[in-house]
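Everything numeric here is computed off the predicted structure, so don't read it as measured data. By convention here, the first residue in the shown sequence is residue 1.
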Amino acid sequence: MNGVIVINKEKGYTSFDVVQVVRRILGVKKAGHTGTLDPNATGVLPVLLGTATKAQDIIPNHDKAYRAAFRLGIATDTLDIWGTVQQEEHTHLSAQEIERALSRFRGKIEQLPPMYSAVSVDGKRLYQYAREGVTVERRTRTVTVYALTLLRFDEQRQEGELSIACSRGTYVRTLIDDLARSLGTVGVMTDLERTAACGYTLADAVTLSTLGDIAAAGTLELRDVESLFQSFPELVVSDAQAHRFRNGNPLSLDRTALKHHADDGAVYRVKDSGGQFLSLGIVDMDAGELKMYKHF
């Protein structure tokens with residue numbers, strides 16, 4: 001069984017738990033996920049099956065989208081509602097004030113990874129230091145927030161919800177903490193749902209609780225491996241070239257549609273004349289060839 005199954009992760013599962021359950025239900029040995037979701041988070045978690053696991057390190061689109069609930073006037077050690085409370089204060093901010101502050105967090109921004117995170121420092125995860133009560137020096141990271149919208153805000157409760165589209169490595173907890181501090185207060189994330197990842201959305205996803213029934217009914221539809229690489233351009237080759245390339249042999253650029261416009265290192269989805277996905281190819285300008293990049 002090769003391909004991608006998109007899971008709508010429910011609360012209480014780690015991403016590893018999800019992979020293990022999928023393995024058991026579908027009877028597959030090789031499986032992996034494309035991006036960790038915390039146990040208290042829900043939403044889109046693509047799981048790679050069989051030969052699709054070879055795509056894990058080369059997926060081009062790691063952008064994600066979230067709906068995140070937050071509360072102002074409280075701070076915890078984990079930057080979310082499930083941590084130990086460190087500070088509480090009365091706040092009376094308006095939706096308009098939050099709207100104005102959001103502009104500072106769109107585009108390229110700097111973030112300091114939270115101590116309760118999987119980032120490694122000197123070979124040790126930050127959350128391991130945090131559990132020992134140790135705070136270590138961390139470097140800021142540049143991430144991109146493509147879109148940031150306030151969906152709702154209850155001024156009496158000082159609670160709201162954000163819609164966020166962002167690049168890989170963005171910490172939503174940190175974004176909420178930084179937003180609150182820019183407004184002169186503190187705040188925590190109270191709920192998180194990933195609505196999109198790697199080009200897939202909630203509309204593509206099934207829950208673990210329904211996966212077994214779908215599989216038993218024989219109606220399970222896997223996404224093909226090519227769906228992971230839609231951001232790469234497509235290159236159609238002749239049947240003879242397809243046969244050659246399928247066997248791992250490079251193709252002369254002069255004999256393809258790339259002969260007049262190819263960039264060194266560019267990656268293409270190579271297909272035969274019938275539209276069948278063969279593999280990924282990469283341009284080698286020095287050799288004047290399209291070489292095999294990854295075969296599935």
Query raised in the report: How many angstroms lie between CZ in R106 and SG in C166, if you round to the nearest 0.5 Å?
Result: 13.5 Å
Query raised in the report: Given the rule in the side chain to side chain donor-acceptor pair (under 3.5 Å) test, do S252 and D254 qualify, once you have shown the distances and angles that lead to the verdict?
Result: CA-CA 5 Å; S252 170; D254 287 339; 4.6 Å; no
**Report entry** Spacing of L162 atom CG and R67 atom CZ [to the nearest 0.5 Å]
**Finding:** 10.5 Å
Requested in this report: Please identify each residue that fulfils salt bridge (charged side-chain N to carboxylate O under 4.0 Å, His left out) with R181, with sequence neighbours left out.
Outcome: D177
Report summary line: In terms of heavy-atom contacts, I176 and A68 come closest through CD1-CB, 4.2 Å
Query raised in the report: Going by an N to O cut-off under 4.0 Å, is there a salt bridge joining R139 and E110?
Result: no
Requested in this report: Assess whether side chain to side chain donor-acceptor pair (under 3.5 Å) is satisfied between T207 and N8, documenting all intermediate values.
Outcome: CA-CA 5 Å; T207 62; N8 182 352; over 6 Å; no
Query raised in the report: Can you tell if the side chain of P114 reaches within under 4.5 Å of the side chain of L79, non-hydrogen atoms only?
Result: yes
Query raised in the report: Is any side-chain heavy atom of V44 less than 4.5 Å from a side-chain heavy atom of L202?
Result: yes
Query raised in the report: If you group Ile, Leu, Val, Met, Phe, Trp and Tyr by side-chain heavy-atom gaps below 4.5 Å, do I164 and L102 land in one group?
Result: yes
Query raised in the report: Do V188 and V85 have side chains that get closer than 4.5 Å, going by heavy atoms?
Result: no
Requested in this report: Return yes when atom CG of D57 has more than 12 non-hydrogen atoms of other residues, nucleotides or ligands closer than 6.0 Å, and no otherwise.
Outcome: no
Query - Any donor-acceptor N/O pair, S167 side chain to T144 backbone, under 3.5 Å - result: yes
Requested in this report: Please assess F277 against F296 for the test side chain to side chain contact (heavy atoms under 4.5 Å, CB included), listing each intermediate value before the final yes or no.
Outcome: CA-CA 9 Å; F277 175 60; F296 301 96; 4.0 Å; yes
Requested in this report: Check whether the side chains of T91 and Q158 place a donor and an acceptor atom closer than 3.5 Å, and report yes or no.
Outcome: yes
Query raised in the report: Between E159 and F153, is a side chain to side chain contact (heavy atoms under 4.5 Å, CB included) present by the stated rule, with each step listed?
Result: CA-CA 6 Å; E159 296 177 348; F153 185 68; 5.7 Å; no
Report task. Please collect all salt bridge (Lys or Arg N to Asp or Glu O under 4.0 Å) contacts where either partner lies in residues 11-26, sequence neighbours excluded, each pair once. Result -> K11-D191
Query raised in the report: Rounded to the nearest 0.5 Å, what separation is found between the OG1 atom of T170 and the NZ atom of K64?
Result: 8.5 Å
Query - Partners meeting ring pair (Phe, Tyr, Trp, His ring centres under 6.0 Å) with Y13 (sequence neighbours left out) - result: none
Mind listing the side-chain donor-acceptor pairs of residues 219-230 below 3.5 Å, one per line with the distance, residues two or more places apart or on another chain?
residue, atom, partner, partner atom, Å
T219, OG1, I214, O, 3.3
R223, NH2, D204, OD1, 3.1
D224, OD1, E226, N, 3.3
D224, OD1, S227, N, 3.0
E226, OE2, R269, NH1, 2.5
E226, OE2, K271, NZ, 2.9
S227, OG, Y200, OH, 2.6
S227, OG, D224, O, 2.6
Q230, NE2, E226, O, 3.1

Query raised in the report: Going through the distances and angles, do E88 and R71 end up as a salt bridge (charged side-chain N to carboxylate O under 4.0 Å, His left out)?
Result: CA-CA 11 Å; E88 288 187 89; R71 181 188 303 167; over 6 Å; no
Report task. Answer yes or no: is there a side-chain heavy-atom contact under 4.5 Å between T195 and E193? Result -> yes
Requested in this report: Locate the shortest heavy-atom distance separating S182 from F105; write the atom from each residue and the value.
Outcome: OG-CE1, 3.7 Å
Query raised in the report: Got a sec: does the NE2 of H243 have more than 12 other heavy atoms crowding it under 6.0 Å?
Result: no
Query raised in the report: Under 6.0 Å from the NZ atom of K259, do we count more than 12 heavy atoms belonging to anything else shown?
Result: no
Side-chain donor-acceptor distances from residues 26-36 under 3.5 Å, at least two apart:
residue, atom, partner, partner atom, Å
H33, ND1, G35, N, 3.3

**Report entry** Pairwise side-chain contact, R138 with Q111, heavy-atom cut-off 4.5 Å (strictly under)
**Finding:** no
Report task. Start with the C-alpha gap between V22 and I5, add the side-chain angles, then the distance that decides, and say whether side chain to side chain contact (heavy atoms under 4.5 Å, CB included) holds. Result -> CA-CA 9 Å; V22 170; I5 179 74; 4.1 Å; yes
Requested in this report: Determine whether more than 12 heavy atoms belonging to other residues, nucleotides or ligands lie under 6.0 Å from atom OH of Y146.
Outcome: yes
Query raised in the report: Do I7 and L208 have side-chain heavy atoms sitting under 4.5 Å apart?
Result: yes
Query raised in the report: Rounded to the nearest 0.5 Å, what separation is found between the OG1 atom of T84 and the CG atom of D77?
Result: 4.5 Å
Requested in this report: Carefully, step by step, assess Q87 and E89 under the rule side chain to side chain donor-acceptor pair (under 3.5 Å).
Outcome: CA-CA 7 Å; Q87 181 182 346; E89 61 185 40; 2.9 Å; yes
Query raised in the report: Just how far is it from atom CZ of R246 to atom CD of Q276, taken to the nearest 0.5 Å?
Result: 7.5 Å
Query - Student check: side-chain heavy atoms of T53 and L49 closer than 4.5 Å - result: no
Requested in this report: State whether the number of non-hydrogen atoms from other residues, nucleotides or ligands found under 6.0 Å of R168 atom CZ is greater than 12.
Outcome: no
Report summary line: Heavy atoms of A41 and K9 approach each other most closely as O-NZ, 2.7 Å
Query raised in the report: Is S120 reaching over with its side chain to a backbone N or O of G123, donor-acceptor style, under 3.5 angstrom?
Result: no
Query - CA sep, side-chain torsions, deciding dist, call: T42, E10, side chain to side chain donor-acceptor pair (under 3.5 Å) - result: CA-CA 5 Å; T42 63; E10 298 149 281; over 6 Å; no
Requested in this report: Would you mind reporting whether L112 and Y171 have side-chain heavy atoms less than 4.5 Å apart?
Outcome: no
Query raised in the report: Under 4.5 Å between side-chain heavy atoms, hopping through other hydrophobics if needed: is there a path connecting Y127 to W82?
Result: no
Atom pairs and distances, side-chain donor-acceptor, residues 280-288, under 3.5 Å, sequence neighbours left out:
residue, atom, partner, partner atom, Å
D284, OD1, D286, N, 3.2
D284, OD1, A287, N, 3.2
D284, OD2, K291, NZ, 2.9

Report task. Answer yes if L278 and M292 sit in the same cluster of Ile, Leu, Val, Met, Phe, Trp and Tyr residues linked by side chain heavy atoms under 4.5 Å apart, and no otherwise. Result -> yes
Query raised in the report: Are I59 and L37 co-members of a hydrophobic cluster defined by side-chain heavy atoms under 4.5 Å apart?
Result: no
Report summary line: Of all heavy-atom pairs linking G187 and A180, the shortest is N-CB, 3.4 Å
Report task. Look at the side-chain heavy atoms of Ile, Leu, Val, Met, Phe, Trp and Tyr, link any pair under 4.5 Å apart, and say whether M189 and Y66 land in one connected group. Result -> yes
Requested in this report: For L290 and F245, work out which heavy atoms get closest and say how close.
Outcome: O-CE1, 3.5 Å
Report task. Would you give the length of the straight line joining atom CZ of R244 to atom CZ of R255, rounded to the nearest 0.5 angstrom? Result -> 9.5 Å
**Report entry** V4 to P46 - nearest heavy-atom pair and separation
**Finding:** CG1-CB, 4.2 Å
Query raised in the report: Please walk me through it: do V6 and T201 pass side chain to side chain contact (heavy atoms under 4.5 Å, CB included)?
Result: CA-CA 8 Å; V6 186; T201 68; over 6 Å; no
